[in-house]
Amino acid sequence: MRSCQLEARRAEACRRIPPWPRQESGQSLLLFLAVVTILLTILGVGFIARMNLQQRLVGDRLRAMEARYIAEAGVEKVIWYLDGRAPDGSDDASWRPLGYREHIDAGGLRGEFTVDVRDLANDFVSIVSWGQAGGARSGVRVTAKIAPRVLDHALFSAGLVAIEGPRAGVTLIGPAGQECLPRVLIGVNAELWFRTRGSSLELGPSCPGRSGALQLGLADIKRLTVGDLHQPIAGADRLRSFGVNVTNLEEVTLRPIEREAVPYLDAGTLRRQAVQNVLNAALNQAAGRAMESPGLASKRNSLYTPEEISALFEYIRRRDIPLVGPIVVAGPVTLPGNANVTVAEGFLAAEGGLTLQPGSRLTIHHEASSRLLPGVITLTRELYAPLIVGEGASLAVEGVVVAEGVIEMHAGSTMTVVGAVVASDEEYGLRLDNATLVVRYDPAVRGALGVLAGKGRRRVVPLAWHEMR
């Protein structure tokens, strides 16, 4: 009876429970789909926004790169103007524009550049170029040197070049690091004279296993002569028929060149470099005490008198002690016989000439930090500043060699130069008497400190590039 009552109560309770709505499951699905749609929309909008941002950044980067290329093109165009004829009609690298503009529409480059050119000290100039492409702007600042055109040549002489004796030889080698150099130019304002048979003219290997072509440049091509009577020859190929050993060359060609002005040597800049150089102070003191030279013993800089440098050479001739940095002598310099002197990270400038006595050796050594310094300079104080390399003497130089007097090399002597050689004397520039001259041309000499362009033709040589934003 009791169980029946329980069953009746359960049935009554079930009748009181409201029925489950049949549409609840469909609404949940719709709600789920709505949430998923919203999430996908948010993700999609974010993805599209991110892609648009990336595309805009890539576009900005491309335009900035294009603006940088246009700025660099502006520098190259200005250098081209300065090397040749500028928009103002000048052809001596004197053009100094401020706010000069040009449009570029070539290949993928479309925009304009604006350039300012200003003078700095010691024939250096600052070239600032801003390039614009679309809404992007980028700039380049370049420090350049106004260099004399003669430093385009491995060997240049304003006066007569005489190569005489069966053991006389000239070897020219192209710049290191280049795969091939088709020619190295000898430039002569006056006469190139091969006096005797048996001398040699050689172009060092510029391409593995290949010979090259050497151009001899003369202001008057009729002044390529041979023999004691200075007989002109019609073509440089006849050097072989005369008896000159033209080796490692497929051809020797002759071409006329403009007369070039010799470099102007800035003695003041060279002296300031020596006055600021205190790296030899301890050596000066030791040598001055040993050689009883009070002036040398108390000297802290590297600007010497002829007497002081002679005492210093005598002290170090058997001690293998190098001089360091820029050295300037206020007078003629003589390196005693059998002496061995090295100047590291600097140069030797002699006001009045430099003579290497028989058997002596002078070495000028440069590292990367000093490669824009000159090597050996002789400056005219009064009338004469020769560079004389005595019998059996040896001169090895890294840097440009410039002599305001004659360069004279005696029998058995050698001069090996990594840079260039300039003989400025307008009468007798260079004489090789059974001597050997080897020049490995280095374009860095065009930026040499203290070697200025003067009034002659000029070349603009970029030395340092800096990006600006």
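Count residues from 1 along the sequence. All heavy atoms count here, side chains included; hydrogens, waters and symmetry mates do not.
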Nearest-0.5 Å distance that lies between atom OG1 in Thr342 and atom CG in Leu323: 8.5 Å

Between Gly346 and His366, the two heavy atoms sitting closest are O-NE2, 2.7 Å

Nearest heavy-atom contact between Val117 and Leu98 is O-CD2, 4.1 Å

Please confirm whether Arg238 makes a cation-pi placement over Phe242, using NZ or CZ under 6.0 Å from the six-membered ring centre and within 45° of the ring normal. no

Checking Trp80 side chain against Val75 main chain: does a donor-acceptor pair fall under 3.5 Å? no

Rounded to the nearest 0.5 Å, how far apart are CG of Leu356 and CG of Leu354? 5.5 Å

Within the structure provided, determine whether Asp320 and Asn340 are in side-chain contact (heavy-atom separation under 4.5 Å). no

Quick one: which residue pairs count as a side-chain hydrogen bond (donor to acceptor under 3.5 Å, both in side chains) with a foot in residues 287-299, not counting sequence neighbours? Lys299-Glu308

Say whether, by atom type as modelled, one donor and one acceptor occur between the side chain of Arg149 and the main chain of Arg458 under 3.5 angstrom. yes

Would you say the side chain of Val150 lies within less than 4.5 Å of the side chain of Val262, judging by non-hydrogen atoms? no

Going through the checks in order, is the side chain to side chain contact (heavy atoms under 4.5 Å, CB included) test met by Met291 and Leu296? CA-CA 9 Å; Met291 306 304 296; Leu296 179 60; 5.6 Å; no

Taking side chain as C-beta onward, heavy atoms only, is Leu155 less than 4.5 Å from Leu430? yes

Treating Arg85 as the side-chain partner and Leu82 as the backbone partner, does any N or O pair qualify as donor plus acceptor under 3.5 Å? no

Using atom types as modelled and distance alone, determine if a side-chain donor or acceptor of Glu202 lies under 3.5 Å from a backbone N or O of Thr171. no

Given 3.5 Å as the limit, does a donor-acceptor pair link the side chain of Asn277 with the main chain of Val324, or not? yes

Is any side-chain heavy atom of Leu279 closer than 4.5 Å to a side-chain heavy atom of Glu345? no

Could you check whether any side-chain N or O of Tyr100 sits under 3.5 Å from a backbone N or O of Phe113, counting only pairs where one atom can act as donor and the other as acceptor? no

I'd like to know if Glu398 and Arg371 make a salt bridge, using a cut-off of under 4.0 Å between side-chain N and carboxylate O. no

Taking every heavy atom of Gly399 against every heavy atom of Val445, the minimum-distance pair comes out as C-CG1, 4.2 Å

Do you know the tightest heavy-atom contact between Ile163 and Ser199? CG2-CB, 3.9 Å

Can you classify the ring geometry of Tyr81 versus Trp95 as parallel (below 30°), tilted (30 to 60°) or perpendicular (above 60°)? perpendicular

Look at the side chain of Asp116 and the backbone N and O of Gly99, then say whether any donor-acceptor pair between them is shorter than 3.5 Å. yes

Thr378 side chain to Glu404 main-chain N or O, any donor-acceptor pair under 3.5 Å? yes

Once you round to the nearest 0.5 Å, how far does CG of Leu160 lie from CG of Leu192? 8.5 Å

Do Val438 and Ile173 touch side chain to side chain, with heavy atoms closer than 4.5 Å? yes

Leu348 versus Ile377: any side-chain heavy-atom pair under 4.5 Å? no

Test side chain to side chain contact (heavy atoms under 4.5 Å, CB included) on Phe194 and Ile233 and set out the steps. CA-CA 11 Å; Phe194 290 87; Ile233 58 176; over 6 Å; no

Arg457 and Asp92 ion-paired at < 4.0 Å: no

Is the shortest heavy-atom distance from the side chain of Pro462 to the side chain of Ile79 under 4.5 Å? yes

Identify the heavy atoms of His153 and Ala420 that sit nearest to each other, and give their distance. O-CB, 3.6 Å

Pairwise side-chain contact, Leu283 with Tyr315, heavy-atom cut-off 4.5 Å (strictly under): yes

Closest approach of Gly375 and Val397, non-hydrogen atoms and distance? CA-CG1, 3.6 Å

In Å, rounded to the nearest 0.5 Å, how long is the span from OG of Ser200 to CG of Leu239? 11.5 Å

Return the CD to CG distance between Glu191 and Leu224, rounded to the nearest 0.5 Å. 8.5 Å

I need the single residue from Arg137, Lys77, Arg101 that forms a salt bridge (charged side-chain N to carboxylate O under 4.0 Å, His left out) with Glu112. Which is it? Arg101

I need the full list of side-chain hydrogen bond (donor to acceptor under 3.5 Å, both in side chains) pairs touching residues 417-438, with sequence neighbours left out, sorted by first then second residue. Glu164-Arg431

Between the main-chain N or O of Ala444 and the side-chain N or O of Asp442, is there a donor-acceptor pair closer than 3.5 Å? yes

Do side-chain atoms of Thr334 reach the backbone of Pro336 as a donor and acceptor pair under 3.5 angstrom? no

